[in-house]
Amino acid sequence: MENKKCFCDTGLLFKDCCGLYLENNQKAPTALALMRSRYSAYAIHNADYLLETTYVSERNYYSKTEILKWATSNKWQKLEILSFTDTTVEFKAYFLDSNHQPQVHYEFSTFKFENYTWYYVDGKFE
């Protein structure tokens, strides 16, 4: 993925964008950067990163197997950021489902900064 555009639609190369967090073990500097990197993690099927970046008290609600199943059964098309604050991101993720039908996942996500690290807490869906 050295010269591939990032999945999160910044227009940057993956290695200069979400690849910094997914492959180089850097910490996302903002909730928005973490949300973008989590979208990219779905696109490249990195369930470990998705669990590691979920707030510790929320992790027991998620299963690595289920995350991987969701990530791999869909073809991720594009990310659209609708709005964001220091601790929230509202977005739409466009994907093709397992039947190749276009779908849109809307979410208003909440993030928490603790011990110099951003974590995904939860989201409201429509």
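Computed from a predicted structure; not experimentally measured. Sequence positions, counted from 1, serve as the residue numbers for this chain.
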(message) Counting only heavy atoms from other residues, nucleotides and ligands, does the tally under 6.0 Å from CG of Asn60 exceed 12?
(response) yes

(request) Identify whether Leu82 and Phe108 are in the same connected component of the hydrophobic contact network (ILVMFWY, side-chain heavy atoms under 4.5 Å). (result) yes

(request) Name all residues meeting the side-chain contact (heavy atoms from CB on, under 4.5 Å) criterion together with Tyr94; count only those two or more places apart in sequence or in a different chain, and write none if there are none. (result) Gln77, Lys78, Glu80, Lys92, Val104

(message) To the nearest 0.5 Å, what is the distance between CG on Asn74 and CG on Leu96?
(response) 8.5 Å

(request) Please report the C-alpha distance between Leu32 and Phe91 in whole Å, then the side-chain angles of each, then the deciding distance to 0.1 Å, and finally whether the side chain to side chain contact (heavy atoms under 4.5 Å, CB included) criterion is met. (result) CA-CA 10 Å; Leu32 180 60; Phe91 69 93; over 6 Å; no

(request) List in chain and number order the residues that pass side-chain contact (heavy atoms from CB on, under 4.5 Å) with Asn99, two or more places apart in sequence or in another chain; answer none if no residue qualifies. (result) Asp97, Gln101

(request) Could you tell me the separation between the CG atom of Leu50 and the CD atom of Glu66, rounded to the nearest 0.5 Å? (result) 13.5 Å

(request) May I ask you to check whether over 12 heavy atoms, not counting those of Asp16, lie within 6.0 Å of atom CG? (result) yes

(message) Starting from Leu79, can I reach Ile44 by hopping between I/L/V/M/F/W/Y residues whose side chains sit under 4.5 Å apart?
(response) yes

(message) Among residues at least two apart in sequence or on other chains, which ones pass side-chain contact (heavy atoms from CB on, under 4.5 Å) with Ala33?
(response) Tyr21, Ala28, Pro29, Thr30

(request) Please report the closest heavy-atom contact between Ala43 and Trp76, naming both atoms and the distance. (result) CA-CD1, 3.7 Å

(message) Can a donor-acceptor pair be found, under 3.5 Å and without considering hydrogens, that links the side chain of Lys5 to the backbone of Leu13?
(response) no

(message) So, taking the atom named CD in Glu90 and the one named NZ in Lys124, what distance separates them when rounded to the nearest 0.5 Å?
(response) 11.0 Å

(request) To the nearest 0.5 Å, tell me how far Thr110 OG1 sits from Met35 CE. (result) 12.5 Å

(request) Mind checking the OG-NZ spacing from Ser98 to Lys69? Nearest 0.5 Å is all I need. (result) 9.5 Å

(request) Kindly assign one of parallel, tilted or perpendicular to the pair Trp70 and Phe95, based on the angle between their ring planes and the thresholds 30° and 60°. (result) perpendicular

(message) Is there a path of hydrophobic side-chain contacts, each under 4.5 Å between heavy atoms, that joins Ile81 and Phe111?
(response) yes

(request) Indicate the ring-plane relationship of Tyr120 and Tyr62, choosing parallel, tilted or perpendicular according to the 30° and 60° boundaries. (result) perpendicular

(request) Could you list the residues that satisfy side-chain hydrogen bond (donor to acceptor under 3.5 Å, both in side chains) with Tyr119, not counting sequence neighbours? (result) none

(message) If I take atom CD from residue Glu52 and atom OG1 from residue Thr117, how far apart are they, to the nearest 0.5 angstrom?
(response) 11.0 Å

(message) Same cluster or not: Leu51 versus Leu22, using hydrophobic residues (I, L, V, M, F, W, Y) connected whenever any side-chain heavy atoms lie under 4.5 Å apart?
(response) yes

(message) According to side chain to side chain donor-acceptor pair (under 3.5 Å), does anything in residues 35-50 pair up with another residue at least two apart or in another chain? List the pairs.
(response) Ser37-Tyr49, Arg38-Thr53, Arg38-Thr54, Asp48-Lys64

(message) Hydrophobic clustering (ILVMFWY, side-chain heavy atoms < 4.5 Å, transitive) - are Phe84 and Leu34 grouped together?
(response) yes

(message) Tell me if the aromatic rings of Tyr106 and Phe125 count as close, with their centers under 6.0 Å from one another.
(response) no

(request) Name all residues meeting the side-chain contact (heavy atoms from CB on, under 4.5 Å) criterion together with Tyr61; count only those two or more places apart in sequence or in a different chain, and write none if there are none. (result) Glu58

(message) Under 3.5 Å, is there a donor on one side chain and an acceptor on the other for Gln103 and His105?
(response) no

